S.K.: 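Can you read through this structure? Questions will come right after.
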Amino acid sequence: KTSKYFKYAIGEIVLVVVGILIALQFNNWNTDMQTKEVQIKYLNEIANNLKADLEDVRFNIGFNETRLNASRIVLNSLDHKVTYSDSLDVYYGSLLYTTRSVVNYSAYETLKSKGLEIVTNDNLRKAITKLYSFYYQNVIDFEIQDDHAMQYQIVMPTVLSRIEVRKKDNNAITGEQLGKPINFETLKNDVEFKNAIVMNEDLRVYMLENYRQLEQNILECTALINDELKNLR
């Protein structure tokens, strides 16, 4: 009888241990599933934000390409002493304004508040953090401190004092206007005006480099997120 009770007790202990192990395994599995679901949720939100950011960056690229082209054509018209033509109005009218980045921080800020460690892939977590805290910030800082400052303090006052600006017919979009020199012959020898346009041209080149690099950074981060989402699913 003692032997039977002993075997029964051992069996009960084994069953309890097995039950505990199964419960722990199920709990770990459930925790892993919850962690994956949270990761998928936030990574999807960040991916959607990056999609909108990419559209904004590409708009900025196109806008600056138009300004760069206008600056070069205007300088060429002055340097080569050409006879003024109304076809130049669109280029003289495209010298003004610049761009600013509109970044969707909502998903990233939410992720930060919950804890960046939610993203278990170290390389992906570092890529996301670097994109938002460095690459975006680098472009925004240069926009505000350099590009906007020069545009509004030097380029716009210089251009508006020498160019008559008017809206295109039936067009109220900011940045879409025509311009005509008040005195084209005088403008050909206006060093201050030419210097302002040269500086504007150089800044447009630099900003395009920044925006194109940011576009590449967004695409690379998006690709990493998509790969991780495939793994998690």
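What you are looking at is a predicted structure, and each value in this text was computed from that prediction instead of being measured.
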S.K.: Any side-chain heavy atom of Y135 sitting closer than 4.5 Å to one from K130?
M.R.: yes
S.K.: Taking A52's backbone N and O only, do any of them form a donor-acceptor pair with N104's side chain (distance below 3.5 Å, no angle check)?
M.R.: no
S.K.: Kindly indicate whether the side chain of R100, heavy atoms from C-beta on, has any atom under 4.5 Å from the side chain of V102.
M.R.: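 A side-chain contact exists here, since the closest heavy-atom pair is under 4.5 Å.
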S.K.: For the backbone of G93 and the side chain of Q177, can you confirm whether one donor and one acceptor N or O come within less than 3.5 Å of each other?
M.R.: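 Looks like yes, one N/O pair under 3.5 Å.
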S.K.: With T158, which residues qualify under side-chain contact (heavy atoms from CB on, under 4.5 Å), at least two apart?
M.R.: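 Applying side-chain contact (heavy atoms from CB on, under 4.5 Å) to T158 gives I154, R162, E192, F193, A196.
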S.K.: State, with a plain yes or no, whether a side-chain heavy atom of L95 is found less than 4.5 Å away from one of R67.
M.R.: no
S.K.: Using a 3.5 Å distance criterion without hydrogens, assess whether the side chain of N64 forms a donor-acceptor pair with backbone atoms of N60.
M.R.: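 Yes, N64 side chain to N60 backbone: donor-acceptor pair under 3.5 Å.
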S.K.: Would you mind telling me which of K36, R125, Q39 makes a side-chain hydrogen bond (donor to acceptor under 3.5 Å, both in side chains) with T120?
M.R.: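 By the side-chain hydrogen bond (donor to acceptor under 3.5 Å, both in side chains) criterion, T120 pairs with just one of K36, R125, Q39: Q39.
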S.K.: State whether a side-chain donor-acceptor pair under 3.5 Å links T99 with E143.
M.R.: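 No donor-acceptor contact under 3.5 Å links the two side chains.
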S.K.: Restricting to ring-ring contact (aromatic ring centres under 6.0 Å, His included), what partner residues turn up for Y136, sequence neighbours left out?
M.R.: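 Expected list: Y132.
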S.K.: Strictly distance-based, threshold 3.5 Å: is any side-chain N or O of S85 a donor or acceptor partner for the main-chain N or O of S87?
M.R.: yes
S.K.: Strictly distance-based, threshold 3.5 Å: is any side-chain N or O of D190 a donor or acceptor partner for the main-chain N or O of T186?
M.R.: no
S.K.: Which atom pairs, donor and acceptor, lie under 3.5 Å between side-chain atoms of residues 220-232 and protein residues at least two apart or in another chain?
M.R.:
{"residue": "E220", "atom": "OE2", "partner": "Q216", "partner atom": "NE2", "Å": "3.2"}
{"residue": "T222", "atom": "OG1", "partner": "I218", "partner atom": "O", "Å": "2.8"}
{"residue": "N226", "atom": "ND2", "partner": "T222", "partner atom": "O", "Å": "3.3"}
{"residue": "E228", "atom": "OE1", "partner": "N121", "partner atom": "ND2", "Å": "2.9"}
{"residue": "N231", "atom": "ND2", "partner": "D227", "partner atom": "O", "Å": "3.3"}

S.K.: Any pair with a residue in residues 212-233 that passes ring-ring contact (aromatic ring centres under 6.0 Å, His included), sequence neighbours left out, goes on the list, sorted by first then second residue, please.
M.R.: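 Non-adjacent pairs meeting ring-ring contact (aromatic ring centres under 6.0 Å, His included): zero.
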S.K.: Is the backbone N or O of Y91 less than 3.5 Å from a side-chain atom of S94, with the two atoms forming a donor-acceptor pair by type?
M.R.: no
S.K.: Among pairs that include at least one residue of residues 211-233, which meet ring-ring contact (aromatic ring centres under 6.0 Å, His included), considering only residues two or more places apart or in two chains?
M.R.: none
S.K.: I'd like to know if K41 pairs up with E45 as an ion pair, taking the criterion as any Lys NZ or Arg NE/NH1/NH2 lying under 4.0 Å from an Asp or Glu carboxylate oxygen.
M.R.: yes
S.K.: Is the centre of the Y97 ring less than 6.0 Å from the centre of the F63 ring?
M.R.: no
S.K.: Side chains of T98 and Y152: is there a donor and an acceptor less than 3.5 Å apart?
M.R.: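 Absent: no donor and acceptor within the cut-off.
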S.K.: Answer with yes or no whether the hydrophobic clustering places L88 together with I182; edges join I, L, V, M, F, W, Y residues whose side-chain heavy atoms lie under 4.5 Å apart.
M.R.: no
S.K.: Could I get the full list of ring-ring contact (aromatic ring centres under 6.0 Å, His included) partners for F134, not counting sequence neighbours?
M.R.: none
S.K.: Would the number of heavy atoms belonging to other residues, nucleotides or ligands and lying under 6.0 Å from CD of Q137 be above 12?
M.R.: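 Yes.
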S.K.: Should E209 and R212 count as an ion pair when the cut-off is N to O under 4.0 Å?
M.R.: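 Salt bridge between E209 and R212, a charged N being under 4.0 Å from a carboxylate O: no.
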S.K.: For residues V82 and L78: do they belong to one hydrophobic cluster (side chain heavy atoms under 4.5 Å, members Ile, Leu, Val, Met, Phe, Trp, Tyr)?
M.R.: yes
S.K.: Is R166 salt-bridged to D89, cutoff N-O under 4.0 Å?
M.R.: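 Yes, charged N to carboxylate O under 4.0 Å.
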S.K.: Hey, does the side chain of N69 reach the backbone of E65 with a donor-acceptor pair shorter than 3.5 angstrom?
M.R.: no
S.K.: Without hydrogens or angle criteria, can the side chains of S106 and N49 be said to hold a donor-acceptor pair below 3.5 Å?
M.R.: yes
